[in-house]
Engineer: 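Before I ask anything, here is the structure I am working with.
Atoms within a ligand are numbered from 1 in the order they appear, just like the ligands themselves.
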Amino acid sequence: MAQHFLLSAKARRLSLTQVAGLTDTEILALLKKARWGTEEEQVCSRCGIRHFAYFIKTRQQWQCKHCHTRFSITTGTIFQSHKLSLRQILIALYLFTTESKGLSAVSLSHKLNVQYKTAWILLHKFRESLNLTKDLTALSGEVHIDGCYVNYYLRPKNFQHKRIDRRAKRNQRKDKSCVMVFRQRAANQNRIQGADRSIVAVLKEENTQDILALTHKLVKPNSTICADENPAYDSLALHYQLERVNHSQEYCSIDGITNNLAESFFARLRRMITGIHHRMSNRYLIHYANEIAWREDERRKSIQEKFNELLNKCLSCPPSRHFVGYWQGNKRPPVSFGVSSLSDNQQYHIAA
Ligand SMILES: [Zn+2]
């Protein structure tokens, strides 16, 4: 039997001791390569001109030869004004990358010996970079879609006479919401088995209007969509080749129809909720769901590749408005649902 990818030497390639053992010069070289693609030239964070800027060794900063602005390796990126050392940031990035279902802020704060608040912000900056740089080009071919409810659990009262009907709509939690996923089956199943691209959105509930709008945006015409028996998906039959599987009777129809690509995504999401975070507020739900989408899509890449990719994404994102000054009261606006949940945080970003 072939060896599982995660057990292979290729999947490892990078270790915590390697990352922690980098010298300051090596760390700067790594970040320069990730940010500007070369160790020689720099791109001014203000005027954007690529050139050999003056390096001020004592401050570890550059001065632009055109506009005379001074900038460091993190100026204009999501790590701007960082309080942690670059080494701590890289170690956190490594730990975040190697987890399969996510990393909790408490766990990271213990590993780095920093406050919970510091770890929480850093992890959310990683998630925000993933969310801002996600690829929203429409999916094609075979696309599996489904919704998964979160924040729905109601704890039963102790006394039997005080218990309520937890199925009734009037008794449900106000913050109950639904994560929708669209997953495209890889065109070459020899190269990668299962899905190769996933896009997530957040809905209040699975309803025809939102599902139709999202599908039009995220799935190319003439694609095949596999969905379960929920009537909210019925209207898709007018626009796409729609295949159904009735989960109350079977998980795989006699013709081999499933929507298991979506279900396997939810398996990982539910494990993340029960095993790592325990609670996800709706305000940051899209970040967590998109993190799982990234982990699913990159599951066949080595730690080294994933580490470099995440680092690139972080260094290409502008400073975050919501996680700078978060504990001083600067919070993200309340959650938006439907199509706007795909990109609602982009408009709140200041330019680099
Ligand atoms: Zn400049």
Engineer: Would W294 and F126 count as a ring pair (Phe, Tyr, Trp, His ring centres under 6.0 Å) if you check the C-alpha gap in whole Å, the side-chain angles of each, and the deciding distance to 0.1 Å?
Structural biologist: CA-CA 12 Å; W294 181 73; F126 295 160; 9.8 Å; no
Engineer: To the nearest 10 degrees, calculate the angle at the Zn ion (ligand 1) involving SG of C44 and SG of C64.
Structural biologist: 110°
Engineer: Is C67 close enough that one of its N/O/S atoms sits under 2.8 Å from the Zn ion (ligand 1)?
Structural biologist: yes
Engineer: Let me know which of R185, Q184, R183 forms a side-chain hydrogen bond (donor to acceptor under 3.5 Å, both in side chains) with D196.
Structural biologist: Q184
Engineer: More than 12 foreign heavy atoms under 6.0 Å from NZ of K33: is that the case here?
Structural biologist: no
Engineer: Other residues, nucleotides and ligands only: do more than 12 of their heavy atoms fall within 6.0 Å of CD on E40?
Structural biologist: no
Engineer: Please confirm if an N, O or S atom belonging to C47, backbone or side chain, lies less than 2.8 Å from the Zn ion (ligand 1).
Structural biologist: yes
